[in-house]
S.K.: 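Quick one: the structure is below, and I'll ask about it shortly.
Lettering follows sequence order; numbering is per chain, from 1. All values reported here derive from a predicted model rather than from experimental measurement.
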2 protein chains.
Amino acid sequence: MAQIRTFDRRRLIFQQDDPCPGLFIVGEGLVKVYNLAAGGKEHVLHLVEPGGTFAEVAAIGGFDCPASAEAMEPTICALLPLEPFKRVLAEDHGLCLGLLTGMAKWVRHFVGLMEDIVLRDALGRVAHYLLDTSGGRSDQIALPAMKKDLASHLNLTSETLSRTLRRLTESDLIDLLDGRHIRIKDAEGLRSVADGMFPES
Amino acid sequence: MAQIRTFDRRRLIFQQDDPCPGLFIVGEGLVKVYNLAAGGKEHVLHLVEPGGTFAEVAAIGGFDCPASAEAMEPTICALLPLEPFKRVLAEDHGLCLGLLTGMAKWVRHFVGLMEDIVLRDALGRVAHYLLDTSGGRSDQIALPAMKKDLASHLNLTSETLSRTLRRLTESDLIDLLDGRHIRIKDAEGLRSVADGMFPES
DNA sequence: CCGCCGCCTTGATCTGGATCAAATCCCCGT
DNA sequence: ACGGGGATTTGATCCAGATCAAGGCGGCGG
(Lines give C-alpha, C1' and ligand atoms only; values in the text may rest on other atoms or scores of the structure.)
Protein backbone atom coordinates (compact mmCIF):
# COMPACT_ATOMS: atom_id res chain seq x y z
CA MET A 1 0.00 0.00 0.00
CA ALA A 2 2.91 2.36 0.65
CA GLN A 3 5.46 3.59 -1.85
CA ILE A 4 9.21 3.58 -1.36
CA ARG A 5 10.91 6.92 -2.03
CA THR A 6 14.62 7.65 -2.04
CA PHE A 7 16.22 11.08 -1.75
CA ASP A 8 19.78 12.26 -2.35
CA ARG A 9 21.61 14.36 0.17
CA ARG A 10 20.29 17.96 0.27
CA ARG A 11 17.20 16.97 -1.71
CA LEU A 12 14.01 18.91 -0.84
CA ILE A 13 11.20 16.46 0.02
CA PHE A 14 8.43 19.04 0.27
CA GLN A 15 8.09 22.74 0.98
CA GLN A 16 5.97 24.73 3.35
CA ASP A 17 2.48 25.26 1.91
CA ASP A 18 2.73 22.35 -0.53
CA PRO A 19 -0.32 20.08 -0.37
CA CYS A 20 0.49 17.24 2.03
CA PRO A 21 1.50 14.13 0.06
CA GLY A 22 0.81 11.74 2.94
CA LEU A 23 2.59 10.18 5.87
CA PHE A 24 6.35 9.56 5.62
CA ILE A 25 8.24 6.93 7.59
CA VAL A 26 12.02 7.14 7.53
CA GLY A 27 13.80 3.84 6.91
CA GLU A 28 17.33 5.08 6.46
CA GLY A 29 19.08 8.45 6.50
CA LEU A 30 18.11 11.71 8.19
CA VAL A 31 15.43 14.28 7.44
CA LYS A 32 15.39 17.90 8.58
CA VAL A 33 11.94 19.46 9.06
CA TYR A 34 12.22 23.26 9.21
CA ASN A 35 10.65 26.64 8.68
CA LEU A 36 12.06 29.68 6.93
CA ALA A 37 11.59 33.32 8.00
CA ALA A 38 11.10 36.16 5.56
CA GLY A 39 14.74 37.22 5.95
CA GLY A 40 16.07 33.71 5.28
CA LYS A 41 16.61 32.56 8.87
CA GLU A 42 15.88 28.87 9.33
CA HIS A 43 14.40 27.08 12.32
CA VAL A 44 14.86 23.31 12.54
CA LEU A 45 11.66 21.94 14.09
CA HIS A 46 12.55 18.29 14.04
CA LEU A 47 15.35 15.98 12.98
CA VAL A 48 13.85 12.66 11.92
CA GLU A 49 15.97 9.54 12.31
CA PRO A 50 15.20 6.03 11.01
CA GLY A 51 11.97 4.76 12.54
CA GLY A 52 10.54 8.26 12.88
CA THR A 53 7.67 9.75 10.91
CA PHE A 54 6.94 13.18 9.54
CA ALA A 55 4.07 15.08 7.89
CA GLU A 56 1.67 13.12 10.15
CA VAL A 57 0.02 16.22 11.49
CA ALA A 58 -0.84 17.66 8.10
CA ALA A 59 -1.93 14.21 6.86
CA ILE A 60 -4.31 13.80 9.77
CA GLY A 61 -5.55 17.37 9.91
CA GLY A 62 -6.02 17.60 6.16
CA PHE A 63 -4.18 20.87 5.63
CA ASP A 64 -1.09 21.92 3.70
CA CYS A 65 2.42 21.27 4.96
CA PRO A 66 3.20 23.70 7.80
CA ALA A 67 6.96 23.28 7.24
CA SER A 68 9.55 22.14 4.70
CA ALA A 69 11.52 18.89 4.74
CA GLU A 70 14.95 18.10 3.34
CA ALA A 71 17.07 14.96 3.28
CA MET A 72 20.33 15.60 5.15
CA GLU A 73 21.86 12.30 4.04
CA PRO A 74 20.93 9.81 1.35
CA THR A 75 17.53 8.79 2.67
CA ILE A 76 14.94 6.07 2.09
CA CYS A 77 11.35 6.65 3.17
CA ALA A 78 8.06 4.84 2.96
CA LEU A 79 5.30 7.18 1.83
CA LEU A 80 1.75 6.26 2.72
CA PRO A 81 -0.33 8.47 0.40
CA LEU A 82 -3.16 10.54 1.81
CA GLU A 83 -6.17 8.64 0.46
CA PRO A 84 -5.33 5.08 1.55
CA PHE A 85 -4.17 6.50 4.87
CA LYS A 86 -7.49 8.20 5.48
CA ARG A 87 -9.35 5.06 4.43
CA VAL A 88 -7.45 2.89 6.89
CA LEU A 89 -7.88 5.48 9.61
CA ALA A 90 -11.65 5.59 9.12
CA GLU A 91 -11.89 1.82 9.60
CA ASP A 92 -9.28 0.87 12.16
CA HIS A 93 -10.15 2.06 15.64
CA GLY A 94 -7.01 0.61 17.18
CA LEU A 95 -4.80 2.51 14.77
CA CYS A 96 -6.76 5.66 15.49
CA LEU A 97 -6.20 5.31 19.23
CA GLY A 98 -2.54 4.57 18.69
CA LEU A 99 -2.07 7.64 16.55
CA LEU A 100 -3.91 9.73 19.13
CA THR A 101 -1.59 8.77 21.97
CA GLY A 102 1.42 9.01 19.68
CA MET A 103 0.39 12.51 18.71
CA ALA A 104 -0.17 13.46 22.35
CA LYS A 105 3.38 12.37 23.16
CA TRP A 106 4.68 14.31 20.23
CA VAL A 107 2.83 17.46 21.32
CA ARG A 108 4.28 17.11 24.76
CA HIS A 109 7.78 16.85 23.39
CA PHE A 110 7.09 19.91 21.36
CA VAL A 111 5.78 21.86 24.35
CA GLY A 112 9.03 20.91 26.04
CA LEU A 113 11.01 22.41 23.17
CA MET A 114 8.99 25.60 23.39
CA GLU A 115 9.62 25.77 27.14
CA ASP A 116 13.33 25.35 26.48
CA ILE A 117 13.43 28.13 23.96
CA VAL A 118 11.34 30.57 25.97
CA LEU A 119 12.33 29.84 29.56
CA ARG A 120 15.96 28.67 29.46
CA ASP A 121 19.12 30.53 28.52
CA ALA A 122 21.69 29.13 26.11
CA LEU A 123 23.52 27.15 28.79
CA GLY A 124 20.30 25.64 30.13
CA ARG A 125 19.03 24.74 26.67
CA VAL A 126 22.19 22.91 25.68
CA ALA A 127 22.46 21.12 29.02
CA HIS A 128 18.83 20.02 28.82
CA TYR A 129 19.22 18.90 25.22
CA LEU A 130 22.23 16.76 26.10
CA LEU A 131 20.40 15.12 29.00
CA ASP A 132 17.32 14.50 26.86
CA THR A 133 19.33 13.07 24.00
CA SER A 134 21.38 10.75 26.17
CA GLY A 135 18.09 9.52 27.63
CA GLY A 136 19.89 8.60 30.86
CA ARG A 137 20.75 5.32 29.08
CA SER A 138 24.37 5.88 28.30
CA ASP A 139 26.70 8.77 29.06
CA GLN A 140 27.84 8.64 25.43
CA ILE A 141 25.98 10.87 22.94
CA ALA A 142 26.17 10.77 19.15
CA LEU A 143 24.93 14.09 17.79
CA PRO A 144 22.39 13.36 15.07
CA ALA A 145 23.31 16.21 12.72
CA MET A 146 25.68 19.03 11.97
CA LYS A 147 26.18 21.46 14.82
CA LYS A 148 24.70 24.33 12.86
CA ASP A 149 21.41 22.44 12.54
CA LEU A 150 21.37 21.46 16.20
CA ALA A 151 22.02 25.09 17.03
CA SER A 152 19.08 26.17 14.88
CA HIS A 153 16.85 23.57 16.58
CA LEU A 154 17.68 25.15 19.94
CA ASN A 155 17.30 28.66 18.49
CA LEU A 156 20.97 29.45 18.86
CA THR A 157 23.66 30.35 16.36
CA SER A 158 26.40 27.80 15.76
CA GLU A 159 28.88 30.25 17.32
CA THR A 160 26.91 30.33 20.57
CA LEU A 161 26.51 26.55 20.60
CA SER A 162 30.25 26.15 20.15
CA ARG A 163 31.02 28.56 22.99
CA THR A 164 28.42 26.94 25.22
CA LEU A 165 29.83 23.44 24.73
CA ARG A 166 33.25 24.84 25.54
CA ARG A 167 31.94 26.35 28.78
CA LEU A 168 30.41 23.03 29.79
CA THR A 169 33.69 21.29 29.01
CA GLU A 170 35.68 23.80 31.05
CA SER A 171 33.30 23.23 33.97
CA ASP A 172 34.09 19.49 33.73
CA LEU A 173 30.48 18.58 33.04
CA ILE A 174 31.11 16.99 29.63
CA ASP A 175 33.95 15.78 27.39
CA LEU A 176 34.12 16.62 23.70
CA LEU A 177 35.33 13.33 22.20
CA ASP A 178 35.28 14.41 18.56
CA GLY A 179 33.12 16.62 16.40
CA ARG A 180 30.19 14.23 16.59
CA HIS A 181 30.47 12.57 20.00
CA ILE A 182 30.11 13.87 23.53
CA ARG A 183 30.48 12.11 26.87
CA ILE A 184 28.57 13.28 29.92
CA LYS A 185 30.96 13.44 32.87
CA ASP A 186 28.61 14.85 35.50
CA ALA A 187 24.91 14.28 34.80
CA GLU A 188 24.01 15.66 38.21
CA GLY A 189 25.79 18.93 37.55
CA LEU A 190 24.39 19.12 34.05
CA ARG A 191 20.90 18.77 35.47
CA SER A 192 21.42 21.66 37.83
CA VAL A 193 22.74 23.81 34.96
CA ALA A 194 19.65 22.86 32.94
CA ASP A 195 17.55 24.01 35.88
CA GLY A 196 19.13 27.44 35.90
CA MET A 197 22.12 27.05 38.22
CA PHE A 198 25.37 28.64 37.20
CA PRO A 199 28.19 26.12 36.63
CA GLU A 200 30.70 26.44 39.48
CA SER A 201 34.05 26.92 37.71
CA MET B 1 -21.13 12.04 33.16
CA ALA B 2 -19.19 15.29 33.55
CA GLN B 3 -18.87 17.40 36.67
CA ILE B 4 -19.35 21.14 36.87
CA ARG B 5 -16.51 23.02 38.52
CA THR B 6 -16.37 26.70 39.36
CA PHE B 7 -13.24 28.71 40.11
CA ASP B 8 -12.73 32.16 41.59
CA ARG B 9 -10.51 34.71 39.96
CA ARG B 10 -6.78 33.85 40.42
CA ARG B 11 -7.66 30.32 41.53
CA LEU B 12 -5.14 27.65 40.52
CA ILE B 13 -6.91 24.83 38.66
CA PHE B 14 -3.94 22.49 38.46
CA GLN B 15 -0.16 22.72 38.52
CA GLN B 16 2.55 21.39 36.28
CA ASP B 17 3.33 17.75 37.17
CA ASP B 18 0.00 17.16 38.92
CA PRO B 19 -1.71 13.98 37.74
CA CYS B 20 -4.12 14.95 34.97
CA PRO B 21 -7.67 15.17 36.38
CA GLY B 22 -9.34 14.83 32.97
CA LEU B 23 -10.56 16.99 30.14
CA PHE B 24 -11.79 20.51 30.93
CA ILE B 25 -14.27 22.45 28.82
CA VAL B 26 -14.66 26.15 29.60
CA GLY B 27 -18.25 27.36 29.81
CA GLU B 28 -17.68 30.84 31.13
CA GLY B 29 -14.67 32.92 32.14
CA LEU B 30 -11.04 32.72 31.05
CA VAL B 31 -8.27 30.23 31.83
CA LYS B 32 -4.54 30.86 31.53
CA VAL B 33 -2.40 27.78 30.77
CA TYR B 34 1.25 28.51 31.49
CA ASN B 35 4.69 27.25 32.43
CA LEU B 36 7.10 28.59 35.02
CA ALA B 37 10.88 28.75 34.69
CA ALA B 38 13.26 28.05 37.54
CA GLY B 39 13.81 31.78 38.09
CA GLY B 40 10.07 32.55 38.21
CA LYS B 41 9.55 33.72 34.62
CA GLU B 42 6.17 32.71 33.26
CA HIS B 43 5.23 31.71 29.71
CA VAL B 44 1.54 31.78 28.78
CA LEU B 45 0.99 28.85 26.42
CA HIS B 46 -2.69 29.29 25.84
CA LEU B 47 -5.57 31.54 26.89
CA VAL B 48 -8.76 29.46 26.90
CA GLU B 49 -12.05 31.26 26.27
CA PRO B 50 -15.56 29.83 26.62
CA GLY B 51 -16.02 26.87 24.28
CA GLY B 52 -12.34 25.97 24.44
CA THR B 53 -10.82 22.92 26.12
CA PHE B 54 -7.64 22.31 28.04
CA ALA B 55 -5.65 19.41 29.51
CA GLU B 56 -6.75 17.32 26.49
CA VAL B 57 -3.23 16.35 25.58
CA ALA B 58 -2.35 14.97 28.99
CA ALA B 59 -5.76 13.27 29.25
CA ILE B 60 -5.24 11.50 25.94
CA GLY B 61 -1.56 10.73 26.35
CA GLY B 62 -1.98 9.54 29.92
CA PHE B 63 0.79 11.59 31.45
CA ASP B 64 0.98 14.30 34.10
CA CYS B 65 0.04 17.91 33.37
CA PRO B 66 2.80 19.51 31.31
CA ALA B 67 1.70 23.00 32.42
CA SER B 68 -0.27 24.84 35.09
CA ALA B 69 -3.73 26.40 34.70
CA GLU B 70 -5.27 29.34 36.50
CA ALA B 71 -8.68 31.04 36.28
CA MET B 72 -8.20 34.66 35.23
CA GLU B 73 -11.85 35.53 35.86
CA PRO B 74 -14.62 33.77 37.75
CA THR B 75 -14.83 30.64 35.62
CA ILE B 76 -17.18 27.71 35.11
CA CYS B 77 -15.84 24.51 33.54
CA ALA B 78 -17.14 21.07 32.76
CA LEU B 79 -14.65 18.43 33.86
CA LEU B 80 -14.82 15.05 32.18
CA PRO B 81 -12.77 12.81 34.51
CA LEU B 82 -10.07 10.60 33.11
CA GLU B 83 -11.70 7.17 33.46
CA PRO B 84 -15.07 7.81 31.81
CA PHE B 85 -13.26 9.79 29.13
CA LYS B 86 -10.98 6.88 28.32
CA ARG B 87 -13.93 4.49 28.29
CA VAL B 88 -15.86 6.61 25.83
CA LEU B 89 -12.77 7.06 23.70
CA ALA B 90 -12.18 3.32 23.52
CA GLU B 91 -15.71 2.76 22.23
CA ASP B 92 -16.55 5.71 20.03
CA HIS B 93 -14.62 5.73 16.79
CA GLY B 94 -16.21 8.96 15.57
CA LEU B 95 -15.14 10.81 18.70
CA CYS B 96 -11.65 9.42 18.31
CA LEU B 97 -11.40 10.71 14.74
CA GLY B 98 -12.76 14.07 15.78
CA LEU B 99 -10.25 14.43 18.56
CA LEU B 100 -7.47 13.41 16.20
CA THR B 101 -8.23 16.15 13.70
CA GLY B 102 -8.86 18.63 16.51
CA MET B 103 -5.49 17.82 17.98
CA ALA B 104 -3.83 18.17 14.58
CA LYS B 105 -5.29 21.67 14.22
CA TRP B 106 -4.12 22.53 17.68
CA VAL B 107 -0.59 21.33 16.92
CA ARG B 108 -0.56 23.44 13.82
CA HIS B 109 -1.60 26.52 15.73
CA PHE B 110 1.12 25.77 18.20
CA VAL B 111 3.76 25.37 15.48
CA GLY B 112 2.65 28.78 14.26
CA LEU B 113 3.27 30.26 17.71
CA MET B 114 6.72 28.69 17.80
CA GLU B 115 7.50 30.12 14.36
CA ASP B 116 6.41 33.54 15.58
CA ILE B 117 8.60 33.40 18.63
CA VAL B 118 11.66 32.08 16.85
CA LEU B 119 11.49 33.74 13.43
CA ARG B 120 9.80 37.12 13.97
CA ASP B 121 10.95 40.18 15.89
CA ALA B 122 8.74 42.00 18.39
CA LEU B 123 7.06 44.15 15.73
CA GLY B 124 6.33 41.16 13.49
CA ARG B 125 5.00 39.08 16.37
CA VAL B 126 2.55 41.73 17.52
CA ALA B 127 1.41 42.54 13.97
CA HIS B 128 0.86 38.85 13.23
CA TYR B 129 -0.98 38.32 16.51
CA LEU B 130 -3.35 41.19 15.78
CA LEU B 131 -4.11 39.88 12.28
CA ASP B 132 -4.65 36.36 13.61
CA THR B 133 -6.90 37.51 16.42
CA SER B 134 -9.05 39.72 14.22
CA GLY B 135 -9.46 36.71 11.94
CA GLY B 136 -9.99 39.08 9.00
CA ARG B 137 -13.63 39.16 10.15
CA SER B 138 -13.80 42.58 11.67
CA ASP B 139 -11.22 45.31 12.02
CA GLN B 140 -12.20 45.60 15.69
CA ILE B 141 -10.25 43.50 18.20
CA ALA B 142 -11.09 42.84 21.85
CA LEU B 143 -7.96 41.70 23.64
CA PRO B 144 -8.79 38.55 25.61
CA ALA B 145 -6.61 39.25 28.66
CA MET B 146 -4.35 41.68 30.43
CA LYS B 147 -1.53 43.04 28.34
CA LYS B 148 1.11 41.49 30.54
CA ASP B 149 -0.31 38.03 29.81
CA LEU B 150 -0.56 38.68 26.09
CA ALA B 151 3.03 39.90 26.22
CA SER B 152 4.10 36.70 27.96
CA HIS B 153 2.25 34.61 25.36
CA LEU B 154 4.29 36.33 22.63
CA ASN B 155 7.48 36.02 24.70
CA LEU B 156 7.75 39.75 25.23
CA THR B 157 7.73 41.91 28.35
CA SER B 158 4.73 44.16 28.89
CA GLU B 159 7.04 47.16 28.42
CA THR B 160 8.04 45.98 24.95
CA LEU B 161 4.44 45.19 24.01
CA SER B 162 3.43 48.68 25.05
CA ARG B 163 6.18 50.30 23.02
CA THR B 164 5.43 48.11 20.03
CA LEU B 165 1.73 49.00 20.00
CA ARG B 166 2.75 52.64 20.16
CA ARG B 167 5.02 52.24 17.16
CA LEU B 168 2.23 50.61 15.18
CA THR B 169 -0.11 53.43 16.17
CA GLU B 170 2.43 56.08 15.14
CA SER B 171 2.78 54.35 11.79
CA ASP B 172 -1.01 54.66 11.33
CA LEU B 173 -1.48 50.90 11.10
CA ILE B 174 -3.77 50.61 14.14
CA ASP B 175 -5.80 52.74 16.55
CA LEU B 176 -5.73 52.20 20.31
CA LEU B 177 -9.39 52.68 21.26
CA ASP B 178 -9.01 51.93 24.97
CA GLY B 179 -6.97 49.59 27.11
CA ARG B 180 -8.84 46.53 25.83
CA HIS B 181 -9.82 47.38 22.25
CA ILE B 182 -7.82 47.96 19.09
CA ARG B 183 -8.96 48.86 15.58
CA ILE B 184 -6.94 47.81 12.55
CA LYS B 185 -6.58 50.78 10.23
CA ASP B 186 -4.35 49.23 7.58
CA ALA B 187 -4.48 45.43 7.42
CA GLU B 188 -2.35 45.45 4.27
CA GLY B 189 0.42 47.40 5.96
CA LEU B 190 0.14 45.29 9.09
CA ARG B 191 0.60 42.17 6.99
CA SER B 192 3.79 43.50 5.46
CA VAL B 193 5.12 44.38 8.93
CA ALA B 194 4.27 40.85 10.07
CA ASP B 195 6.28 39.57 7.10
CA GLY B 196 9.36 41.47 8.13
CA MET B 197 9.00 44.84 6.38
CA PHE B 198 9.85 47.95 8.32
CA PRO B 199 6.87 50.28 8.88
CA GLU B 200 7.31 53.40 6.73
CA SER B 201 6.91 56.27 9.18
C1' DC C 1 48.99 12.72 -1.48
C1' DC C 2 47.32 17.32 -2.32
C1' DG C 3 43.99 21.03 -2.74
C1' DC C 4 39.64 22.87 -1.98
C1' DC C 5 35.41 23.98 0.09
C1' DG C 6 32.41 24.00 3.89
C1' DC C 7 32.09 23.40 8.82
C1' DC C 8 33.71 24.67 13.15
C1' DT C 9 36.05 27.56 16.52
C1' DT C 10 37.52 31.80 18.50
C1' DG C 11 37.70 36.81 19.02
C1' DA C 12 35.66 41.64 18.72
C1' DT C 13 31.82 44.38 18.38
C1' DC C 14 26.82 45.50 18.04
C1' DT C 15 21.96 45.55 19.28
C1' DG C 16 17.01 44.22 20.31
C1' DG C 17 14.73 43.61 23.91
C1' DA C 18 15.18 42.96 29.04
C1' DT C 19 15.62 45.17 33.28
C1' DC C 20 15.33 48.92 36.46
C1' DA C 21 12.91 53.03 37.82
C1' DA C 22 9.25 56.38 37.96
C1' DA C 23 5.05 58.51 36.98
C1' DT C 24 0.10 57.73 35.61
C1' DC C 25 -3.90 55.45 34.93
C1' DC C 26 -7.72 52.71 36.07
C1' DC C 27 -10.70 49.80 38.41
C1' DC C 28 -12.93 48.41 42.55
C1' DG C 29 -14.27 48.41 47.19
C1' DT C 30 -15.46 51.49 50.95
C1' DA D 1 -16.26 60.63 45.71
C1' DC D 2 -12.06 58.89 47.71
C1' DG D 3 -8.12 55.89 48.41
C1' DG D 4 -5.20 52.08 47.29
C1' DG D 5 -2.99 48.65 44.64
C1' DG D 6 -2.09 46.58 40.56
C1' DA D 7 -1.62 47.57 35.46
C1' DT D 8 0.22 50.41 31.97
C1' DT D 9 3.21 53.72 29.94
C1' DT D 10 7.52 55.95 29.40
C1' DG D 11 12.45 56.79 29.99
C1' DA D 12 17.40 55.20 30.96
C1' DT D 13 20.54 51.69 31.13
C1' DC D 14 22.22 46.94 30.65
C1' DC D 15 23.32 42.46 28.71
C1' DA D 16 22.93 37.72 26.41
C1' DG D 17 23.41 36.40 22.35
C1' DA D 18 23.70 37.86 17.35
C1' DT D 19 26.59 39.43 13.91
C1' DC D 20 30.92 40.31 11.69
C1' DA D 21 35.52 38.70 10.86
C1' DA D 22 39.43 35.63 10.66
C1' DG D 23 41.82 31.48 11.06
C1' DG D 24 41.99 26.31 11.62
C1' DC D 25 40.28 21.69 10.65
C1' DG D 26 38.50 17.87 8.15
C1' DG D 27 36.78 15.04 4.51
C1' DC D 28 36.36 14.08 -0.15
C1' DG D 29 37.47 14.14 -5.13
C1' DG D 30 41.00 13.88 -8.24
S.K.: Using the side-chain contact (heavy atoms from CB on, under 4.5 Å) rule, pick out the option among A:H153, A:R125, A:H46, A:R108 that qualifies with A:L113.
M.R.: A:H153

S.K.: Go through the structure and list residues passing side chain to side chain contact (heavy atoms under 4.5 Å, CB included) with A:T101, not counting sequence neighbours.
M.R.: none

S.K.: For A:E42, which residues count as a salt bridge (charged side-chain N to carboxylate O under 4.0 Å, His left out) partner, sequence neighbours excluded?
M.R.: A:K32

S.K.: Roughly how far, to the nearest 0.5 Å, is the OG atom of B:S68 from the CD atom of B:Q15?
M.R.: 5.5 Å

S.K.: Between A:D178 (CG) and C:dC7 (P), how many Å, whole number?
M.R.: 17 Å

S.K.: B:D175: which residues meet the salt bridge (charged side-chain N to carboxylate O under 4.0 Å, His left out) condition with it, sequence neighbours left out?
M.R.: B:R183, B:K185

S.K.: Using atom CG of B:L154 as one end and atom C1' of C:dA18 as the other, report the distance to the nearest whole Å.
M.R.: 16 Å

S.K.: Rounded off to whole Å, could you give me the CG-to-P distance for the A:D121 and C:dG17 pair?
M.R.: 18 Å

S.K.: What is the distance, to the nearest angstrom, from the NZ atom on A:K41 to the C1' atom on D:dA18?
M.R.: 9 Å

S.K.: Can you check whether B:R11's main-chain N or O pairs, donor with acceptor, with B:D8's side chain at less than 3.5 Å?
M.R.: no

S.K.: State the NZ-OG1 distance between B:K41 and B:T157, to the nearest 0.5 angstrom.
M.R.: 9.0 Å

S.K.: Please tabulate the protein-to-nucleotide N/O contacts below 3.5 Å involving nucleotides 25-29 of chain C, giving atom names and distances.
M.R.:
none

S.K.: Using whole Å, what does the distance between atom P of nucleotide C:dC7 and atom CD of A:E42 come to?
M.R.: 12 Å

S.K.: How would nucleotides 22-30 of chain D be written as a contact map, 5' to 3', with B for base contact, S for sugar-phosphate-only contact and - for no contact, using protein heavy atoms under 4.0 Å?
M.R.: ---------

S.K.: Quick one: sort the A:F24 and A:F54 rings into parallel, tilted or perpendicular, breaks at 30° and 60°.
M.R.: parallel

S.K.: For the backbone of A:G124 and the side chain of A:D121, can you confirm whether one donor and one acceptor N or O come within less than 3.5 Å of each other?
M.R.: yes

S.K.: Would you mind classifying the nucleic acid contact of B:N155 as base, sugar-phosphate or nothing, using non-hydrogen atoms under 4.0 angstrom?
M.R.: sugar-phosphate

S.K.: Would you tell me whether B:H43 and B:N35 have side-chain atoms, one donor and one acceptor, within less than 3.5 Å of each other?
M.R.: no

S.K.: Specify the separation, in whole Å, of atom CG of B:L119 and atom P of D:dA18.
M.R.: 13 Å

S.K.: Taking A:T75 for the side chain and A:E73 for the main chain, is one N or O donor matched with an acceptor at less than 3.5 Å?
M.R.: yes

S.K.: Distances under 3.5 Å only, N/O to N/O: pair up the protein atoms with those of nucleotides 5-13 of chain D.
M.R.:
residue : atom : partner : partner atom : Å
D:dA7   : OP2  : B:K148  : NZ           : 3.4
D:dT8   : OP1  : B:K147  : N            : 3.0
D:dT8   : OP2  : B:K148  : N            : 3.2
D:dT9   : OP1  : B:K147  : NZ           : 3.1
D:dT9   : OP2  : B:S162  : OG           : 3.1
D:dT9   : O5'  : B:S162  : OG           : 3.2
D:dT10  : OP1  : B:R166  : NH2          : 3.1
D:dT10  : OP2  : B:R166  : NE           : 2.3
D:dT10  : OP2  : B:R166  : NH2          : 3.0
D:dG11  : N7   : B:R163  : NH1          : 2.9
D:dG11  : O6   : B:R163  : NH2          : 3.4
D:dA12  : N6   : B:R163  : NH2          : 3.4

